[in-house]
Number of protein chains: 2
Amino acid sequence: MVFTLSVEKGRTAMSTAQETPGGEMQPWAEVTPDAARRLLIAAVEAFAERGYHATTTRDIAGRAGMSPAALYIHYKTKEELLHRISRIGHDKALDIVRTAADAGGTPAERLSDAVRSFVRWHAGQHTTARVVQYELEALGPEARAEIIALRRQVDAEVRRIIQDGVATGEFDVPDVPGTTLAVLSLCIDVARWFNVDGPRTPDEVGALYADLVRRMVGFKG
Amino acid sequence: MVFTLSVEKGRTAMSTAQETPGGEMQPWAEVTPDAARRLLIAAVEAFAERGYHATTTRDIAGRAGMSPAALYIHYKTKEELLHRISRIGHDKALDIVRTAADAGGTPAERLSDAVRSFVRWHAGQHTTARVVQYELEALGPEARAEIIALRRQVDAEVRRIIQDGVATGEFDVPDVPGTTLAVLSLCIDVARWFNVDGPRTPDEVGALYADLVRRMVGFKG
DNA sequence: CCTGAACCTGAGCGGGCGCTTAGCGTCGAT
DNA sequence: ATCGACGCTAAGCGCCCGCTCAGGTTCAGG
């Protein structure tokens with residue numbers, strides 16, 4: 001009678017729906033079957049709390065309500081879990097930035113949108129983001145190389161927006177690569193310090209950071 | 001004939017001098033005796049490369065040219081090593097910010113100086129800074145509380161400068177605590193991405209970041 | 001019913017972990 | 001010359017790690 005387990009963790013139990021009532025995309029909906037998804041979510045939580053190396057496979061399996069051996073039916077190693085998490089998270093991050101970069105509007109609008117949504121994700125999904133952004137070095141060489149390539153694409157998208165703004169004269173940026181790096185660094189580090197019990201909502205942090213970045217690129221609006 | 005070992009690692013072998021030829025303060029000079037310092041430096045390097053949890057006491061002792069047991073003559077546990085590193089590093093960071101904050105000059109000058117030297121330290125000593133800033137969660141509750149108190153003091157110093165600038169009308173900052181947080185987050189994250197083989201020197205990053213922060217606080221210079 | 005496939009568990013292997021202990025060599029002080 | 005203090009090592013203890021494997025349960029198709 002283990003069957004009721006798939007409903008026990010109600011937060012992630014909706015089997016095919018990808019949208020919450022709030023309209024936010026349900027994360028990890030692409031991970032199937034259900035048991036694999038529950039293990040992956042358990043791993044995200046454990047990795048975010050304790051770090052990859054300090055997390056045991058027994059802990060992950062326990063959080064998912066399974067025995068330690070069950071993990072190895074769905075994933076070959078503990079590292080594969082991290083790889084899958086990192087890959088999905090970086091895909092999402094790239095998607096967020098690319099959507100904003102490809103949208104219409106002035107460079108200032110596109111940059112603000114990109115920063116706002118990128119920061120909102122790092123704050124709202126800070127558990128995932130923490131793993132995605134800070135546990136990179138635990139991956140093996142090949143997996144790490146794959147992830148680094150995705151990060152370079154994120155960097156390229158942001159640099160593109162800033163370059164557009166410089167070209168139109170909207171922005172005043174002496175060092176485009178350096179400023180791009182700083183903007184991304186600023187946004188990513190939100191995942192490290194953001195606290196759900198803190199005074200700011202993800203929306204508020206997104207708005208604040210969009211304004212700060214607007215200033216960094218010398219936009220006079 | 002182990003005595004020559006103290007000269008083997010020439011970079012840190014000057015026994016009492018605290019200044020390098022370049023005038024930069026020699027880190028870890030306060031740690032004595034020599035064997036304890038060598039172990040601590042080895043730990044910093046290992047923690048920075050692999051992370052606290054992935055580093056073994058055997059690795060630390062090996063890097064210092066000693067047997068695993070030697071570590072426990074100078075430090076009670078592996079965690080005490082991290083604690084000492086974190087404590088000394090945070091003391092140094094606080095000292096850097098406080099020196100700039102207490103110096104004479106306009107708020108803009110003091111903020112630029114603080115950011116420049118703070119960033120220069122995070123870039124130049126990025127090995128240490130990485131451990132200091134990113135391995136905090138590996139500490140036990142009491143040690144962590146002590147370190148967090150130091151971080152709050154750093155935050156208070158930066159906030160003070162920004163508040164001064166707002167008071168004199170030099171700065172235009174709608175959200176002082178939020179901007180303070182962002183400035184510090186930006187500087188700290190340098191330790192994560194800075195690469196010695198990269199295109200920028202610590203001085204250059206410091207100058208770039210001082211300029212970016214000047215923009216963030218709305219200083220029209 | 002039977003069967004094969006899918007999924008999961010209990011038990012446990014080999015190994016490396018943090019840390020301890022008994023004892024050795026080298027000192028300065030007597 | 002002797003001695004305790006100090007710094008260190010070789011050996012290893014007990015534990016828990018990532019991971020495996022034989023076997024049990026469930027379920028759809030025939």
Side-chain angles (χ1 to χ4, degrees), chain A residues 1-9 12-13 15 31-43 46-47 49-85 131 135 137-140 143, chain B residues 1-9 13 15 31-43 46-47 49-85 135 137-140 143:
Chain A
M1 282 302 152
V2 185
F3 221 61
T4 51
L5 267 178
S6 64
V7 191
E8 238 175 34
K9 292 218 159 187
T12 57
S15 59
V31 181
T32 54
D34 194 75
R37 179 168 52 247
R38 275 188 293 131
L39 282 164
L40 190 132
I41 290 167
F47 291 164
E49 274 177 32
R50 304 224 238 276
Y52 174 79
H53 288 295
T55 299
T56 68
T57 54
R58 286 163 173 82
D59 182 23
I60 297 169
R63 285 175 192 243
M66 299 178 198
S67 81
L71 195 152
Y72 293 90
I73 294 161
H74 301 282
Y75 303 95
K76 232 174 63 187
T77 62
K78 177 181 157 189
E79 194 198 315
E80 193 196 319
L81 258 171
L82 177 62
H83 183 197
R84 292 273 274 265
I85 292 167
V131 178
E135 301 290 344
E137 303 207 340
L139 289 172
Chain B
M1 280 305 150
V2 185
F3 224 62
T4 51
L5 267 177
S6 63
V7 190
E8 237 175 36
K9 292 216 158 186
S15 60
V31 181
T32 53
D34 194 75
R37 178 168 54 247
R38 267 160 43 221
L39 282 164
L40 189 131
I41 291 168
F47 290 164
E49 274 177 33
R50 305 225 239 276
Y52 174 79
H53 288 294
T55 299
T56 69
T57 54
R58 286 163 174 83
D59 182 23
I60 296 169
R63 285 175 192 245
M66 299 179 198
S67 81
L71 195 151
Y72 293 90
I73 293 160
H74 300 283
Y75 302 95
K76 234 174 61 187
T77 62
K78 176 181 158 188
E79 195 199 315
E80 192 195 319
L81 258 172
L82 177 61
H83 182 198
R84 291 272 273 264
I85 292 166
E135 301 290 345
E137 302 208 341
L139 289 172

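By convention in this document, chain letters (A, B, ...) are assigned in the order of the sequence lines, proteins followed by strands, and residues within each chain are numbered from 1. Computed from heavy atoms alone, side chains included, the values below leave out hydrogens, waters and symmetry copies.
Residues A:K76 and A:T56 each lie close to DNA chain D; by heavy-atom proximity, the contact nearer the 5' end of the strand is made by A:T56.
Computed from coordinates, the B:D34 CG to D:dC6 P distance equals 18 Å when rounded to whole Å. For A:R38 and C:dC8, the CZ to C1' distance is 11 Å, given to the nearest whole Å. Rounded to a whole Å, the CD1 atom of B:I73 is 6 Å from the P atom of D:dC8. One interatomic measurement links the two molecules: NZ of B:K78 to P of C:dG16, which rounds to 16 Å at whole-angstrom precision. Distance CG (A:L71) to P (D:dC17): 13 Å, rounded to an integer number of Å. The separation between A:I60 atom CD1 and D:dG18 atom P is 8 Å, rounded to whole Å. For the pair A:E79 CD and D:dC17 P, the computed distance is 19 Å after rounding to whole Å. As rounded to whole Å, 14 Å separates atom P of C:dC17 from atom OH of B:Y52.
Side-chain atoms of B:Y52 come within 3.5 Å of backbone atoms of B:E79 as a donor-acceptor pair (strictly under, hydrogens ignored). Listed for the A:Y75 side chain is no donor-acceptor partner under 3.5 Å among the backbone atoms of A:L82. Not one N or O on the side chain of A:K78 forms a donor-acceptor pair closer than 3.5 Å with the backbone of A:L71.
At the heavy-atom level, A:S67 lies under 4.0 Å from base atoms of the strands shown.
Environment of CD in B:E49: crowded, with over 12 heavy atoms of neighbouring residues, nucleotides or ligands closer than 6.0 Å.
Among D:dC8, D:dG18, C:dC19, the nucleotide with an atom closest to any side-chain atom of B:P68 is C:dC19. Of the listed nucleotides (D:dC19, C:dC19, C:dT9), D:dC19 has the atom at the smallest distance from the side chain of A:R58. For B:A69, taking side-chain heavy atoms from C-beta onward, the closest of the listed nucleotides D:dC8, C:dT21, C:dC8 is C:dT21.
At least one side-chain nitrogen or oxygen of B:T57 sits closer than 4.0 Å to the OP1 or OP2 atom of C:dG18. Proximity of B:H74 to the phosphate of D:dC8: a side-chain N or O atom is located under 4.0 Å from OP1 or OP2. When the side-chain nitrogen and oxygen atoms of A:Y72 are compared with OP1 and OP2 of D:dT20, none of them lie within a distance under 4.0 Å.
Across all their heavy atoms, A:T77 and A:Y72 have their closest contact at CA-CE2, 4.2 Å.
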